[in-house]
Amino acid sequence: MNQRKILVTAALPYANGAVHLGHLVEYIQTDIWVRFQKLRGHNCKFMWADDTHGTAIMIRARKEGRSETEVIAEANAEHQRDFQGFQIAYDNYGSTHSEENQKLCGEVWQSIRDAGLVKEKDVDQLFDVEQGTFLADRFVTGTCPECHEPGQAGDNCSKCGATYSPAELIDPLSTLSGTKPEIRSAKHLFIELEQLHGFLQDWTQSGDHLQPEVANYLKGHFLGDPDSEEGAKPLRDWDISRPAPYFGFEIPDSPGNFWYVWFDAPIGYIASTQQWCEKNDQSLDDWWKNDVAEIHHFIGKDITYFHTLFWPGMLKAAGYSLPTKVHIHGFLTVNGRKMSKREGTAFKASTYLKHLDPSALRYYYASKLGARLDDLDLNFEEFTSKVNADLVGKVVNLASRSAKFVKNVGLSVTYPDDGGLFQQAAKAGDEIAAAYENCEYNKAMRLILELADRANPFVENAEPWNLKKDESKANELQDVCTVALNLFRQLVIYLSPVLPELAEKTGVLLNDPIESWDQSKSPLTGTDVSKFKHMMKRIEEKDVKAMEEESKAEADATVAAEQASAASDQYGDSGQPMIDEPLTEECTIDDFVKVDLRVARVVNAEHVEGARKLLKLTLSLGGEHRRQVFAGIKAAYEPEKLIGRQVVMVANLKPRQMKFGLSEGMVCASGPGGEEVFLLSPDEGAKPGQRVH
RNA sequence: GGGCCAGUAGCUCAGUUGGUUAGAGCAGGGGACUCAUAAUCCCUUUGUCGCGGGUUCGAGUCCUGCCUGGCCUACCA
């Protein structure tokens, strides 16, 4: 087989957040593919990095009162720790905030300039004066110019679906400072993508670079179809600069302007390769300017646009190789629902690892991942039963039911007759390999499990546990176990891209490390067999529950913190009060009616001798109705200022004897207490004695 | 609003260029075994293939309308 030279990337994790199980769909998918290629003997390298630039990082650093570089260094360490936990084996992990990347961005930029693709335009954008920054759409909220629904985001209305620019919003507010932004005009640099239309048309629509539905999507949505009646659609100019302040790289020939994060992020793929090349004494051009080297990107469907139009355009203009293939996957849903941070279903990688085995998730994802863009559902019931039934029950069971019988004698010296099982399975290897190659891991897993379903009956029929009882059948017993362990090993080789840990343990068990796909083609004979140790634990429901609960608790805490700190709507109302005092259980109208609330006028108010918190109020319900009430509002109100005003009181509250006298009711107020007490008052016109309904 | 994709047994999915009575795993039911992590093995129930039209000798597979769901809709990371 010819050795292929393959460079692989996954989308760059953004340095503003923890890795969760949704991200891991892609990272595990990529890792499996890379491990598969390496197992096949290809020269395959996984180049990866953190994506570090943009407004979000800048804002976060500001909020936390530290530098962007601190924020991204911390994220980088956390990300890499999580990836190791999930056995994701990249060859280099860089950062888009690196010298290599800055230099490469400059070179690519120069090429694009030289190709005459750059033009300047003035852009009106909202500017937050207090924060001193231009506002991206998602940092603006206001009233929809179409339907006048308040509280809408900067780019479209969730109610009427209108799209608009933030500058069109009525009464816009910055979500960063809660202040009203002003419109400022600034010079932006654009890439005229339309000049590359013909090239992109060709590249996307031919040559199998994209999944068919993706090619189709691009044609329908952006490129148009030159053969149709409407003809080709022009591609819009791509705004690739941001005025200062912006966390990123300043554009050398346009001081005060920075490259938009989506310009420098994909160049990070090249920069990471460059770092690796320097460490390993290789040439970057061998990978990125070489027709022989393949380049494969794995991404989620949300960033299709960037990777299938901008990125090939940039590469083309800068004279780099184009992607061989962009592999696009769908999103993760949890128990059939969209992942939600608020509901705690965006399980963090680190939370998962505290409770569950990474191999289980790797297998589960593999068993569900196809070559299409379908969403993948993480259903915990299925997860548990699939991993337990397939891996523990069927695959690992082969070893655990046979290894101990040959612990002392090892594998037979010649491979015994197994009725053709091994050869059959060796043959199936090609189909399994093709499935891996095409990213149809679900198919590969199905084929592998079919083999396991044939191996277990073999053991069943051979009855090694009965052979063991008869010493004269020792050879037969060894042969049966040799077959069982070889069939097991063959399965593990096929599974090793998905389950590297199992492969390693199998290598130890049979004293022959698993290093190559071709090992599946010939049986292993004559080696010692080590003492069998559990290779994989069953998933316990309680561990899944524990993870879910921990994640829920994390989510609640995060939401609380967010609501407490950030202005959540245009009035800047915090969510904290609802958190401090959550809603009580639902009540009926009958329950409510039991409480007789009345408008009352404060006719007298005075300090109480010796009381630290109380004021003594005399309330009038009109006519002769007077009530004496002791209220804990001394810290918040001066008695003389209360006299004359109207309040709301609970008029049928059972009188209560207090230290300083009888209290015949309660005045209504909000707030946590102390100085923060806010009495309720009716609007003007209310009359003392009126009931509140 | 516009677009892309999908809709097959309770669940997760296979169904090659349209071709015989639509399949697998899991779950459910029955039995066997006891080497194995209550693991394994054998047998077994279940479907108006989203709905309605159309093309065809023949459609889950092609065309069309509708319904439902997911996603995208460019200065959003």
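Every chain is numbered from 1 and lettered A, B, ... according to where its sequence line falls, protein lines coming before strand lines.
- Using a 4.0 Å heavy-atom cutoff across all strands shown, A:F306 reaches at least one base atom of the nucleic acid.
- Going from atom NZ of A:K368 over to atom C1' of B:C11 covers 9 Å, rounded to whole Å.
- As a whole-Å value, the separation of A:I328 CD1 from B:C72 P is 13 Å.
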ring-ring contact (aromatic ring centres under 6.0 Å, His included) between A:W311 and A:F306, worked out = CA-CA 6 Å; A:W311 180 230; A:F306 296 97; over 10 Å; no

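- Between B:C49 and B:U21, the two C1' atoms lie 15 Å apart (nearest whole Å).
- Taking atom CG of A:L449 as the reference point, atom P of B:U40 lies 11 Å away to the nearest angstrom.
- Rounded to whole Å, the C1' atom of B:C33 lies 47 Å from the corresponding atom of B:U17.
- Nearest nucleotide to the side chain of A:D453, out of B:U40, B:U12, B:G25: B:G25.
- Closest to the A:E460 side chain, of the nucleotides B:C35, B:A14, B:A77, is B:C35.
- In this structure, A:K301 is positioned above the aromatic face of A:F331, its NZ or CZ under 6.0 Å from the six-membered ring centre and within 45° of the axis.
- Note on ring orientation: taking the six-membered ring where Trp is involved, the planes of A:F247 and A:H53 are perpendicular (angle over 60°, cut-offs 30° and 60°).
- Each of A:S241 and A:R454 has a nearest nucleotide on RNA chain B; the 5'-most of these lies closest to A:R454.
- Between A:Y217 and B:C71 there is no side-chain polar atom (N or O) within less than 4.0 angstrom of OP1 or OP2.
- Rounded to the nearest Å, the gap between the P atom of B:U56 and that of B:G18 is 16 Å.
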Please step through ring-ring contact (aromatic ring centres under 6.0 Å, His included) for the pair A:Y269 and A:H297, ending with a clear verdict.
-> CA-CA 9 Å; A:Y269 296 142; A:H297 297 302; 4.8 Å; yes

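- With a 3.5 Å ceiling on both atom-pair distances, B:U34 lacks any Watson-Crick or G-U wobble partner.
- You'll find the ring centres of A:W262 and A:H307 inside the 6.0 Å limit.
- At least one side-chain nitrogen or oxygen of A:K404 sits closer than 4.0 Å to the OP1 or OP2 atom of B:A36.
- Separating the CD1 atom of A:I448 from the P atom of B:G25 is a distance of 17 Å, rounded to the nearest angstrom.
- Residue A:K394 comes nearest to A:A452 through the heavy atom pair CB-CB, 4.3 Å, listed as atom of the first residue, atom of the second, then distance.
- Rounded to a whole angstrom, the distance from the C1' atom of B:U45 to that of B:C26 is 15 Å.
- Taking only side-chain atoms of A:F331, from C-beta outward, the nucleotide of B:C35, B:C71, B:C5 with the closest atom is B:C71.
- Going from the C1' atom of B:G60 to that of B:G15 covers 8 Å, rounded to whole Å.
- Checking B:C35, B:C13, B:C41 against the side-chain heavy atoms of A:R401 singles out B:C35 as nearest.
- The C1' atoms of B:U61 and B:G54 are separated by 16 Å, rounded to the nearest whole Å.
- Of the candidates B:A36, B:C72, B:U37, the closest approach to any side-chain atom of A:N397 belongs to B:A36.
- The separation of B:A22 from B:C35, taken at their P atoms, amounts to 43 Å, rounded to a whole angstrom.
- We find that CG of A:N388 is positioned 10 Å from P of B:U40, with the value rounded to whole Å.
- B:G28 atom C1' lies 13 Å from atom CD of A:E381, rounded to whole Å.
- The two residues A:A371 and A:E440 have their closest heavy-atom pair at CB-CG, 3.9 Å.
- For A:K386, no side-chain nitrogen or oxygen approaches OP1 or OP2 of B:C13 to under 4.0 Å.
- Sparse packing is recorded around CD of A:E381, with 12 or fewer heavy atoms of other residues, nucleotides or ligands lying under 6.0 Å away.
- Closest approach to the A:W465 side chain among B:C33, B:A77, B:U40 is made by B:C33 (side chain taken as heavy atoms from C-beta onward).
- Here A:W262 lies in heavy-atom contact (under 4.0 Å) with a base.
- Among B:C41, B:A77, B:A36, the nucleotide with an atom closest to any side-chain atom of A:S400 is B:A36.
- For A:K394, counting side-chain heavy atoms from C-beta on, the closest listed nucleotide (B:G25, B:C13, B:A77) is B:G25.
- Rounded to a whole angstrom, the distance from the P atom of B:C42 to that of B:A24 is 13 Å.
- Checking the phosphate oxygens (OP1, OP2) of B:C13, no side-chain nitrogen or oxygen of A:R446 falls inside 4.0 Å.
- Using N1 to N3 plus N6-O4 or O6-N4 for Watson-Crick, or N1-O2 and O6-N3 for G-U wobble, each under 3.5 Å, B:A6 pairs with B:U68.
- When rounded to the nearest whole Å, the span between CG of A:D375 and P of B:G69 equals 15 Å.
- Nearest to the side chain of A:R538, among B:U12, B:A36, B:U37, sits B:U37.
- If you find the closest nucleotide of RNA chain B to A:R372 and to A:A452, the one lying nearer the 5' end belongs to A:R372.
- For the pair A:D390 CG and B:U37 P, the interatomic distance rounds to 19 Å; values are reported in whole Å.
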